[in-house]
Amino acid sequence: MPVSRVPVSGVPDTGVPDAGVPDAGVPGTGLPGKRMPGTRTSDTRTSDARTSDARMPGTRTSGTRMSGTQTSDTQTSGTRTSGASWEPVELTAPWAAGRLVLDGAEAERLGGPEAYEDVRATARTAFAGLQAGVCAGSLARAVEYTNQREQFGRPLAAKQGVQLRAADAHMDVEAIRVTAYEAAWRRDEGLAYRSHALTTAWWASEGGRRVVHTGQHLHGGMGADLEHPVHRHFLWGRQLDGYLGGGREVLEELGDLIVGESA
């Protein structure tokens with residue numbers, strides 16, 4: 001049985017493996033049976049996979065303990081359980097991460113044909129909401145810094161160029177926020193929201209990247225300091241941009257969805 005290596009990010013530093021998402025064109029994804037086939041993905045982007053259902057590895061593995069709930073004698077604490085092992089992965093993002101290695105792990109089908117797309121739309125909406133907060137924090141630090149930092153006897157915030165950059169960043173932050181709210185509201189109300197999730201993902205990717213770059217730029221040389229707080233916002237925003245798959249990719253998928261719905 002081939003081995004699947006699925007990196008998992010955004011999980012607490014507990015060593016507990018989580019489920020990843022297969023890439024596009026995964027061989028054997030639709031095969032019957034209760035064992036995870038050999039798959040491989042290189043990151044946790046939400047715009048790669050094309051599967052008709054969702055499978056959760058290890059959910060029926062006997063004798064395991066996951067997230068502190070013990071059923072028998074085995075513990076998934078960072079080494080190996082039946083058909084699955086956990087390897088730590090170092091990231092620039094401010095959270096713990098790991099790689100889940102599957103080798104004949106038992107799996108359980110979750111939901112129907114739309115389960116995967118629903119999970120992916122939910123993930124996009126959640127990442128966009130997180131990006132709104134990251135960007136708002138970056139902009140707030142930039143505003144505080146430019147109001148305190150003086151050049152030629154005047155605060156940097158008094159310069160028109162700085163004001164324009166900050167204003168553009170504020171508009172991007174609010175665009176991310178309002179589209180994320182709309183997608184989340186539609187999901188909670190049971191309305192169709194896949195296109196709205198893609199819309200907020202695009203804003204979070206494109207607008208988010210602009211905002212964190214602006215926040216670092218307005219700090220001047222201080223923004224390049226790896227130990228400065230604004231650098232954390234920069235790394236976090238770029239990491240979320242990567243998870244969402246990139247603006248062009250998301251926009252292409254949104255276009256395909258709109259064309260498909262109108263056909």
Side-chain angles (χ1 to χ4, degrees), residues 6 8-11 18-26 29-30 41 43-57 59 67 95 107-139 168-212 236-237 239-263:
V6 183
V8 181
S9 299
V11 298
D18 195 358
V21 179
D23 274 339
V26 171
T29 302
T41 183
D43 54 33
T44 54
R45 292 187 301 171
T46 59
S47 59
D48 280 352
R50 297 290 187 276
T51 58
S52 59
D53 55 31
R55 289 176 181 266
M56 178 70 73
T59 52
S67 303
W95 52 63
E108 178 184 1
R109 187 184 300 273
L110 301 178
E114 300 299 323
Y116 175 74
E117 290 297 342
D118 182 64
V119 169
R120 189 160 62 142
T122 301
R124 281 173 167 151
T125 304
F127 275 139
L130 180 58
Q131 184 75 298
V134 171
C135 292
S138 176
L139 180 58
D168 286 342
H170 175 73
M171 292 174 66
D172 278 332
V173 171
E174 291 307 306
I176 299 170
R177 193 195 313 275
V178 71
T179 53
Y181 276 151
E182 182 179 15
W185 174 79
R186 293 184 67 88
R187 181 189 184 280
D188 288 348
E189 294 297 317
L191 303 173
Y193 72 104
R194 186 181 168 193
S195 63
H196 298 79
L198 285 165
T199 301
T200 192
W202 182 85
W203 275 107
S205 178
E206 292 290 307
R209 184 170 62 251
R210 288 193 296 265
V211 172
V212 295
W236 204 345
Q239 193 84 31
L240 290 169
D241 173 30
Y243 285 171
L244 290 164
R248 292 182 181 179
E249 211 173 318
V250 172
L251 195 61
E252 181 180 358
E253 186 177 347
L254 177 59
D256 291 341
L257 178 62
I258 293 174
V259 170
E261 290 178 346
S262 61

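Between Arg120 and Glu253 there is a salt bridge, since a side-chain N of the basic residue sits under 4.0 Å from a carboxylate O of the acidic one.
Under a 3.5 Å cut-off, the side chain of Ser205 and the backbone N or O of Ala201 do not form any donor-acceptor pair. Under the 3.5 Å distance criterion, the side-chain polar atoms of Thr200 are left unmatched by any main-chain donor or acceptor of Ala197. No donor-acceptor distance shorter than 3.5 angstrom exists from the side chain of Gln131 to the backbone of Gly208, with no hydrogens or angles considered.
Between the CH2 atom in Trp203 and the CG atom in Leu198 there is a gap of 15.0 Å [rounded to 0.5 Å]. Atoms CG and CH2, from Leu130 and Trp236 in turn, are 5.5 Å apart once rounded to the nearest 0.5 Å. Interatomic distance, Arg209 CZ to Leu240 CG, rounded to the nearest 0.5 Å: 12.5 Å. Rounding to the nearest 0.5 Å places CG of Asp172 at 8.0 Å from SG of Cys135. Atom-to-atom distance recorded for Thr125:OG1 and Arg194:CZ is 12.5 Å, nearest 0.5 angstrom.
Summarising the geometry of Ala132 relative to Val173, their closest heavy-atom pair is O-CG1, 4.1 Å, with the distance given to 0.1 Å. Across all non-hydrogen atoms, the minimal contact from Leu139 to Ala169 is CD1-CB, 3.8 Å. Contact record, Ser138 with Val212: OG-CA, 4.0 Å, taken as the closest heavy-atom pair. Considering all non-hydrogen atoms of both residues, Val134 and Gly237 come closest at CG1-N, 3.9 Å.
In summary, the side chains of Thr122 and Tyr193 do present a donor paired with an acceptor at a separation below 3.5 Å, with no hydrogens or angles considered.
Side-chain contact between His170 and Glu174 is present, with heavy atoms from C-beta onward closer than 4.5 Å. The closest side-chain heavy-atom distance from Arg124 to Leu244 is below 4.5 Å.
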